[in-house]
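Notes to accompany the following structure.
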Amino acid sequence: MSEEHSLNFLEEIIEEDLKSGKYPHIVTRFPPEPNGYLHIGHASSICLNFGLTQKYPGFTNLRFDDTNPVTEETEYVDSIKEDVKWLGFEWKNERYASDYFDDLYGFALKLIDKNLAYVDDSSSGDMAAMKGTPTEPGTNSPFRDRSVEENRDLFTRMKNGEFPDGSRTLRAKIDMAHINMLMRDPILYRIKHAHHHRTGDKWCIYPMYDFAHGQSDAIEEVTHSICTLEFVPHRELYDWLIEKLEIYPSHQYEFARRNINYTVTSKRKLLQLVNEKHVSGWDDPRMPTISGLRRRGYTPWSIREFCDRIGVAKRENMVDVGLLEFCVREHLNRVALRRMVVFDPLKLVITNYTKGEEILLGENNPEDDNGGEREIPFSAELYIERDDFMENPPKKYFRLAPGQLVRLKSAYIIKCEEVVRGADGEITELKCTYIPESKSGADTSGISVKGTLHWVSVKHAIPAEIRLYDRLFRVEDPTDEAGDFKEYLNPASLQVLPAVYAEPSLQEANLEERYQFIRKGYFVLDKDSASGKLVFNKTVGLKDAWARETKKA
RNA sequence: UGACCCAUGGUGUAAUGGUAACACUACUGAUUUUGGUUCAGUCAUUUAAGGUUCGAAUCCUUAUGGGUCAACCA
């Protein structure tokens, strides 16, 4: 897809490692926690991890980081697998941190035996107090010097369920004065009498992230464990545990997560939007989730292309959503079937058209020579877009106006002869004449016009519902604003047009196909459609030079 | 007030001591039976100040700015 641009910093590291013979092949993993749906930010990580092993010898595992049973659910596991597949990637092994709970338990025992871990009876409040601050050292827990035997006994009993939640933890014995807060005797295991989505009620103690992630990497012999920047301070602990446990030396590398403007990419915040019904669900087409983007009409290719274009680096960033839109337009322009749909109808009668009706042919896609054509019924009574007519047009307006010529797409050139008004002065109808020799594809009129309009025959039009979307938030970075991020939701992010007029070929619309409603934008059928009821989502609009022009004036 | 990470056009990424490049956006213009597409063009002395060097976006120092770290979350 994308050939030879320069290497990102991870590719440089990997090429170095491969060249030096440090590894014969590489192993990466994509490690989501199944506590929410994947979003566009995850797509970067997915494309990175899977992309690396497409480019270099090796493979990528899908590993669920399911160490916190109270927030994790099978529903999320299923959605994550579906999304990764839909994006076009295949994992070598499907693994779960919970697959390794027995190994992890053994690792904990090993640390205890090496006198590098201890059971602490302190409350979380006490532990926080003893932790110190980034500028002040912490103090040792009074339970820090228990004997190996006592620690073993207590930890075993923790596992056996003899103690209530929160009463004890297993901590690494490192250094309470360490400059890195994470090295101040981090918690390794905590007691949670909770049902786990995979291990059921087998365990009542669960490992913390730091005691599961790196160890799982080591078990799978992951060579390059890639995560986001906020884990940089964890790397020291990651390395310490691997060293003390004497397990496979996986290495952690960090890159900057991708932020996109006018949205949020935090599973916590997205969950709030879902739970508080600000959106219809995780797959609401306004959501930056993979499932939302899919329903919105984004293609896997466009998302991969987007991730490819924004690249990988270590600096904070805010990517313009306009680039995502560019990527999807780029793809849809190549594949979308052209169709005509009138959103806001104005009736147009061709007074000199006496043939009754005829079938015209329109190309499915001008970008595709093999795209074929579809039939479009034409008659004397048509609908055009209300804002494609102006009684007193400004300069450079080359749509329809009294006395002005315009082409009807794939049909004839017409001229506006008369404006008909209703009782309240509202324009109700346009009377036009057409030029019979100007038929599309067989034009012998010699007339050239500036404007081309889409239209639909009144008698043949079929109804459809259209859902238009705008950005979910009014501000670029809702998280950066004062107050709650939800105060910045865009109240006009969804606009429903319950009954537009579509050309009849759209009767055959299906979920897989992408459509360009000519001069309107790209659309995709929504799953809410039923037989006899078409519902379309707007994926993204066309670039609109005229709108820019009018805005300037 | 500590430690760590980062700093290149409006945005995102290149340039690995030797002419600041590519893409998006924006703006010009050409083409066009979608005001779409396509094509051509325009838009930066690299946060600042010193230093090393024949030569610095790149190396060093300091400053400034931004981010991260005190969850029994990941």
Side-chain angles (χ1 to χ4, degrees), chain A residues 5-8 12 31-33 35 65-68 70-72 120 122-124 127-129 131-138 165-171 178-182 184 187-192 205-206 208-210 212-213 227-236 254 256 258 261 267-268 309-327 329-330 333-334 338 340 362-363 366-367 396-399 406-411 413 438 440-441 443 448-454 516-521 541-550:
Chain A
H5 34 195
S6 49
L7 304 179
N8 65 47
E12 282 179 10
E33 184 190 11
N35 66 346
D65 241 333
D66 55 351
T67 57
N68 184 7
V70 302
T71 57
E72 295 155 5
D120 194 337
S122 306
S123 69
S124 69
M127 274 178 50
K131 188 116 189 178
T133 71
T135 52
E136 298 161 294
D165 287 6
S167 60
R168 285 183 164 86
T169 57
L170 181 74
R171 303 177 70 180
H178 201 107
I179 201 71
N180 182 348
M181 297 287 288
L182 279 153
R184 322 247 260 229
I187 294 173
L188 268 21
Y189 264 95
R190 76 286 214 191
I191 301 171
K192 274 181 196 280
I205 56 170
Y206 292 95
M208 296 287 288
Y209 165 83
D210 286 301
H213 198 98
C227 61
T228 47
L229 245 31
E230 68 266 30
F231 290 95
V232 168
H234 291 251
R235 189 174 61 232
E236 193 169 11
E254 311 86 10
R258 318 314 310 215
N261 57 11
K267 277 193 276 186
R268 208 193 95 251
R309 281 175 183 256
I310 60 184
V312 177
K314 299 186 75 159
R315 80 182 81 116
E316 297 297 317
N317 59 79
M318 179 65 79
V319 182
D320 194 331
V321 67
L323 182 60
L324 218 206
E325 295 176 342
F326 167 82
C327 291
R329 280 196 197 102
E330 186 186 22
N333 178 50
R334 293 198 307 261
R338 310 297 137 120
M340 293 196 284
E363 54 193 351
E367 308 296 317
K396 283 164 69 181
Y397 181 85
F398 38 83
R399 275 115 98 143
V406 96
R407 173 172 292 280
L408 294 176
K409 177 75 181 170
S410 302
I413 292 174
S438 67
S440 191
D443 189 344
S448 73
V449 294
K450 223 36 174 127
T452 301
L453 308 185
H454 62 282
Q516 185 200 94
F517 295 169
I518 291 174
R519 303 208 304 138
K520 285 294 184 185
L542 262 20
K543 276 184 28 186
D544 191 344
W546 175 245
R548 268 204 301 266
E549 194 69 31
T550 51

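Reminder, nothing fancy here: chain letters follow the sequence lines and each chain counts from 1. Side chains included, hydrogens not; waters and symmetry mates left out as well; all remaining heavy atoms used. Computed from a prediction, not measured in an experiment: that's the story for all the values here.
Counting atom types as modelled, Glu367(A) pairs a side-chain N or O with a base atom of rG36(B) as donor and acceptor under 3.5 Å. For Ser440(A) against rU33(B), a side-chain N or O and a base N or O form a donor-acceptor pair under 3.5 Å.
Taking atom C1' on both rU13(B) and rG29(B), the two are 29 Å apart, rounded to the nearest angstrom. If you take atom P in rG10(B) and the same atom in rU45(B), they sit 9 Å apart, rounded to whole Å. When the C1' atom is used for both rG9(B) and rA21(B), the distance is 12 Å, rounded to whole Å. Rounded to a whole angstrom, the distance from the C1' atom of rG65(B) to that of rA49(B) is 15 Å. Distance noted for atom P between rA20(B) and rG12(B): 23 Å (whole Å). Only the C1' atoms considered, rG36(B) is 13 Å distant from rU31(B), to the nearest whole Å. One P atom belongs to rG35(B), the other to rG18(B), and the distance between them is 49 Å to the nearest Å. The P atoms of rC43(B) and rG2(B) are separated by 44 Å, rounded to the nearest whole Å.
Within the 4.0 angstrom heavy-atom criterion, no nucleotide atom of any strand lies near Gly521(A). Within the nucleic acid shown, Phe517(A) has no heavy atom closer than 4.0 Å to any nucleic acid atom. Within 4.0 Å (heavy atoms only), Pro366(A) reaches at least one base atom of the nucleic acid. Looking at heavy-atom distances under 4.0 Å, Phe231(A) makes contact with a base. Using a 4.0 Å heavy-atom cutoff across all strands shown, Tyr189(A) reaches no nucleic acid atom at all. Within the nucleic acid shown, Ser122(A) comes within 4.0 Å of at least one base atom, counting heavy atoms only. Using a 4.0 Å heavy-atom distance criterion, Gln516(A) is classed as a base contact. Across all strands shown, Val312(A) has heavy atoms under 4.0 Å from sugar-phosphate atoms exclusively, and none from any base. Using a 4.0 Å heavy-atom distance criterion, His178(A) is classed as making no nucleic acid contact. Counting any heavy atom pair closer than 4.0 Å across all strands shown, Ser124(A) reaches a base atom.
Residue-to-nucleotide proximity on RNA chain B shows that, of Arg235(A) and Ser438(A), the 5′-proximal contact is made by Arg235(A). In terms of position along RNA chain B, the nucleotide closest to Ala256(A) lies nearer the 5' end than the nucleotide closest to the other residue of the pair Ala256(A) and Gly451(A).
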Verdict with supporting geometry, Asn180(A) and Glu236(A), side chain to side chain donor-acceptor pair (under 3.5 Å): CA-CA 8 Å; Asn180(A) 182 348; Glu236(A) 193 169 11; 3.0 Å; yes

For Lys543(A) and Glu325(A): C-alpha separation, side-chain torsions, deciding distance, then whether salt bridge (charged side-chain N to carboxylate O under 4.0 Å, His left out) applies. CA-CA 10 Å; Lys543(A) 276 184 28 186; Glu325(A) 295 176 342; over 6 Å; no

Please test Asp210(A) against Arg235(A) for salt bridge (charged side-chain N to carboxylate O under 4.0 Å, His left out), starting from the C-alpha separation and ending with a verdict. CA-CA 9 Å; Asp210(A) 286 301; Arg235(A) 189 174 61 232; over 6 Å; no

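Among the nucleotides rC24(B), rC72(B), rG2(B), the one closest to the side chain of Pro134(A) is rG2(B). Side chain of Asp544(A), nearest nucleotide from rG35(B), rU25(B), rG2(B): rG35(B). The side chain of Asp65(A) lies closest to rA74(B) when the candidates are rC69(B), rA74(B), rG35(B). Of all nucleotides listed (rU37(B), rA70(B), rU11(B)), rU11(B) comes nearest to the side chain of Asp320(A). Nearest nucleotide to the Lys543(A) side chain, out of rC73(B), rU25(B), rG67(B): rU25(B). The Met208(A) side chain lies nearest to rC72(B) when the options are rC72(B), rA15(B), rU34(B). Checking rA74(B), rA23(B), rG36(B) against every side-chain atom of Leu542(A), the shortest atom distance belongs to rG36(B). With distances taken from any side-chain atom of Ile518(A) to the nucleotides rU34(B), rA15(B), rA74(B), the minimum falls on rU34(B). Of the listed nucleotides (rC69(B), rG12(B), rG35(B)), rG35(B) has the atom at the smallest distance from the side chain of Ala545(A). Taking every side-chain heavy atom of Arg258(A) into account, rG12(B) is the closest of rG12(B), rA74(B), rC4(B).
Pairing partner, rA30(B): rU38(B), with both Watson-Crick or wobble hydrogen-bond distances short of 3.5 Å. With a cut-off of 3.5 Å on both Watson-Crick or G-U wobble distances, the partner of rU58(B) is given as none. Nucleotide rC69(B): paired with rG2(B) (Watson-Crick or G-U wobble, both distances less than 3.5 Å). The base-pairing partner of rU11(B), taking Watson-Crick or G-U wobble contacts with both distances under 3.5 Å, is rA23(B).
Taking the six-membered ring for Trp and thresholds of 30 and 60 degrees, Phe231(A) and Tyr209(A) have ring planes inclined between 30 and 60 degrees apart.
In this model, the phosphate group of rU34(B) is not approached by any side-chain N or O of Arg407(A) to a distance below 4.0 Å at OP1 or OP2. Contact check, Arg519(A) against rU33(B): no side-chain N or O comes under 4.0 Å of OP1 or OP2. Distances shown here put a side-chain N or O of Lys192(A) below 4.0 Å from the OP1 or OP2 atom of rC73(B). Distances shorter than 4.0 Å separate none of the side-chain N or O atoms of Arg184(A) from OP1 or OP2 on rA71(B). Note on Arg171(A): every side-chain N or O is 4.0 Å or more away from OP1 and OP2 of rC72(B). For Thr67(A), a side-chain nitrogen or oxygen approaches OP1 or OP2 of rA74(B) to under 4.0 Å. Regarding contacts with the backbone of rU8(B), a side-chain N or O of Arg315(A) is found under 4.0 angstrom from either OP1 or OP2.
Contact annotation: the side chain of Pro233(A) never approaches that of Met181(A) to less than 4.5 Å [non-hydrogen atoms, C-beta and beyond]. At a threshold of 4.5 Å between non-hydrogen side-chain atoms, the residues Thr228(A) and Arg258(A) do not count as touching. Glu33(A) is listed as a side-chain neighbour of Thr71(A), based on a closest heavy-atom distance under 4.5 Å. The shortest side-chain heavy-atom distance between Trp546(A) and Arg399(A) falls under the 4.5 Å cut-off.
We find that CZ of Arg548(A) is positioned 9 Å from P of rU28(B), with the value rounded to whole Å. Rounded to whole angstrom, the span from the CD atom of Glu325(A) across to the C1' atom of rC24(B) amounts to 11 Å. Atom CE of Met318(A) is separated from atom P of rG67(B) by 11 Å (rounded to the nearest Å). Spacing between atom CZ of Arg338(A) and atom C1' of rU37(B) amounts to 8 Å, rounded to whole angstrom units.
By the 5.5 angstrom centroid cut-off and the 30-degree plane limit, Tyr209(A) is classified as not stacked against the base of rA74(B).
Salt bridge annotation for Arg338(A)-Glu363(A): absent, with no cationic side-chain nitrogen under 4.0 angstrom from a carboxylate oxygen. The pair Arg190(A)-Asp120(A) does not count as a salt bridge, with every side-chain nitrogen at least 4.0 angstrom from each carboxylate oxygen.
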